[in-house]
Amino acid sequence: MLKFFNTLSGQLEEFRPMVEGEAKLYVCGPTVWDFAHIGNFRTMAAFGDVLRRYLKYRGYSVTHVMNITDVEDRIIKFSAERGQTIDEYTSKYTEAFLEDFDSLGAERPEVTPRATRHIPEMVDIIKRLRDSGHAYESEGSYYYRIGAFKDYGKLSKINFAGNIVGGSERVATDRYEKEDARDFALWKAQDAPDEPAWDTEIGKGRPGWHIECSAMSMKYLGETFDIHAGGIDLVFPHHENEIAQSEGATGRPFARYWLHAEHLKVEGESMSKSLGNYYTFRDLQEKGFNPTAIRYLLLSVPYRKQLNFTFEGLQGAERTVESLRTFRARLREARTEPGSNAGLKAAAARALEEFEAGMDDDLNTSVALAAVHGLRRETNTALDSCVLREDDRRDILALLERFNSVLNVFPEDEAVLLDEYIQRLIDERQEARHRRDFARADEIRDQLAERGITLEDTRDGVRWKRK
RNA sequence: GCGUGCGUAGCCAAGAGGUUUAAGGCGACGGUCUGCAAAACCGUUAACCGUCGGUUCGAGUCCGACCGCGCGCUCCA
């Protein structure tokens with residue numbers, strides 16, 4: 001039974017979608033003001049992707065939406081500084097994000113809508129909120145009237161009495177005119193003539209931060225949908241405000257399950273530019289790390305636990321992922337006798353059971369990966385002692401594909417073709433070995449090593465890999 | 001300051017009252033296999049589960065205090 005920890009109830013709950021067999025999923029996506037960092041990818045490309053993939057694994061037909069926020073104060077500032085339009089500025093980072101997302105082995109969501117392409121939908125919600133008394137206009141801007149939404153705070157359980165007044169200096173210095181300090185902007189009036197703005201029924205301006213997610217999620221998934229996910233920092237105010245906007249406008253429940261991914265730390269500290277431990281995916285790639293290893297590391301800890309990202313850990317993930325690749329390659333190449341082995345059949349069944357029990361338990365990827373490793377070890381042992389049979393080989397390969405349809409941590413084998421010269425050297429070395437001319441064979445192996453090719457002599461022939 | 005979460009072997013970590021004499025991965029050391037390697041496997045290594053106190057027949061697991069770290073308190077994945 002698939003269970004999720006729902007922030008709304010504060011409890012582990014069985015997942016029951018609104019419509020049998022269908023799962024409607026919204027994951028908060030990136031603000032494309034800069035290259036995304038590994039923390040963003042932990043949430044969107046690791047957690048969000050595994051959530052999507054496991055729902056599919058469990059037989060749901062998934063509609064997954066991930067927004068691209070392409071209008072926001074930083075974007076406005078930086079695009080102006082460069083003399084670019086918002087679209088010119090954000091297209092570079094949007095493309096980079098999606099490239100990195102793909103590189104990390106994440107499946108593209110069904111819809112990746114951009115905020116700037118949904119202004120009319122946002123205006124429509126603001127009008128409904130205004131007409132129902134949930135919003136008011138002030139100096140051309142629109143604000144949400146928190147006092148008009150009795151459930152405000154139900155997601156974050158925020159205690160306004162205790163901390164909001166004393167905790168934030170900004171409330172007092174807010175330049176906008178609001179009825180109540182807690183009210184938040186739905187629509188910001190254009191301040192200066194050169195400031196980007198949309199000319200709409202409610203005036204010339206730009207959307208507030210939260211309204212885009214209400215507009216785009218409801219447009220693509222319906223007024224009530226199943227799962228809304230994102231980083232834990234979004235619980236308040238972003239998701240709390242989304243609920244207020246959406247439920248205020250429709251009078252219906254918004255998302256039913258709220259899932260929040262914990263942040264990662266780097267070497268035990270918060271990741272920040274000032275500490276010099278702020279890494280984008282591209283930074284790690286430039287350092288030579290394999291995207292699959294990065295994915296593995298991001299997945300190796302359950303999403304509701306803080307993950308301590310370290311380079312030692314990443315190096316370990318490189319080794320682990322390489323051993324998974326070798327394992328699958330070895331199994332694919334193995335020549336086996338017909339029949340099956342009862343011990344392996346049981347091992348495979350056990351691995352499947354552990355994998356599903358782990359994943360069902362709020363996506364415990366640590367347990368799921370342990371199941372994969374257990375099967376890897378038992379299968380390798382069987383291969384070593386030649387007791388693996390043809391049915392086992394076929395069944396375990398199929399099982400690995402099932403696991404991998406969720407985890408996607410087995411790196412694909414690289415292009416099989418070697419250039420002719422290298423292939424000739426490999427062949428020549430094999431001949432030398434048959435002649436027992438090991439000096440020549442080792443000479444060739446060293447030569448290939450210099451070209452970054454490592455050889456492994458196996459029972460089933462020679463295998464090579466790029467270092 | 002208020003709220004919230006976390007602190008498990010050299011590193012990353014699962015586990016949340018009794019088959020735990022604490023999963024899994026990485027590392028280190030020894031061995032098997034190999035012409036030698038590589039890969040793989042086997043074995044060893046290594047945790048009084050942050051500290052102190054409490055509840056309980058029994059506590060990494062519950063409660064309290066303290067120390068350290070993360071997150072939120074309307075910029076943030």
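Below, read A as the first sequence line, B as the second, and so on, with proteins coming before strands; counting in each chain starts at 1.
The partner of C62(B), taking Watson-Crick or G-U wobble pairs whose two distances both stay under 3.5 Å, is G54(B). Pair assignment for G3(B): C71(B), on the basis of Watson-Crick or G-U wobble contacts that are both within less than 3.5 Å. Figure legend. G43(B) is base-paired to C29(B); pairs are counted as Watson-Crick or G-U wobble with both atom distances under 3.5 Å.
His238(A) meets the ring-ring contact (aromatic ring centres under 6.0 Å, His included) test with Trp209(A), His210(A); sequence neighbours excluded.
If you check distances only, the side chain of Asp457(A) never reaches the base of C33(B) with a donor-acceptor pair under 3.5 Å. Taking 3.5 Å as the limit, the base of G15(B) and the side chain of Asn364(A) contain no donor-acceptor pair of atoms between them. No hydrogens or angles were tested; on distance alone, a donor-acceptor pair under 3.5 Å links the side chain of Arg445(A) to the base of C36(B). Below the 3.5 angstrom threshold, one finds no donor paired with an acceptor across the side chain of Ser366(A) and the base of A14(B).
In this structure, Arg42(A) reaches neither bases nor backbone, as no heavy-atom distance under 4.0 Å exists between it and the strands shown. Across all strands shown, Asn380(A) has heavy atoms under 4.0 Å from sugar-phosphate atoms exclusively, and none from any base.
Note: NE2 (His263(A)) to P (G5(B)) measures 16 Å, nearest angstrom.
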request  = Report the C-alpha distance between Glu378(A) and Arg350(A) in whole Å, list the side-chain angles of each, state the deciding distance to 0.1 Å, and finish with yes or no for salt bridge (Lys or Arg N to Asp or Glu O under 4.0 Å).
outcome  = CA-CA 11 Å; Glu378(A) 292 186 82; Arg350(A) 205 177 323 117; 3.2 Å; yes
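No donor-acceptor pair closer than 3.5 Å links the side chain of Tyr296(A) to the backbone N or O of Leu314(A).
Classification of G60(B) as syn follows from a glycosidic angle within 90° of 0.
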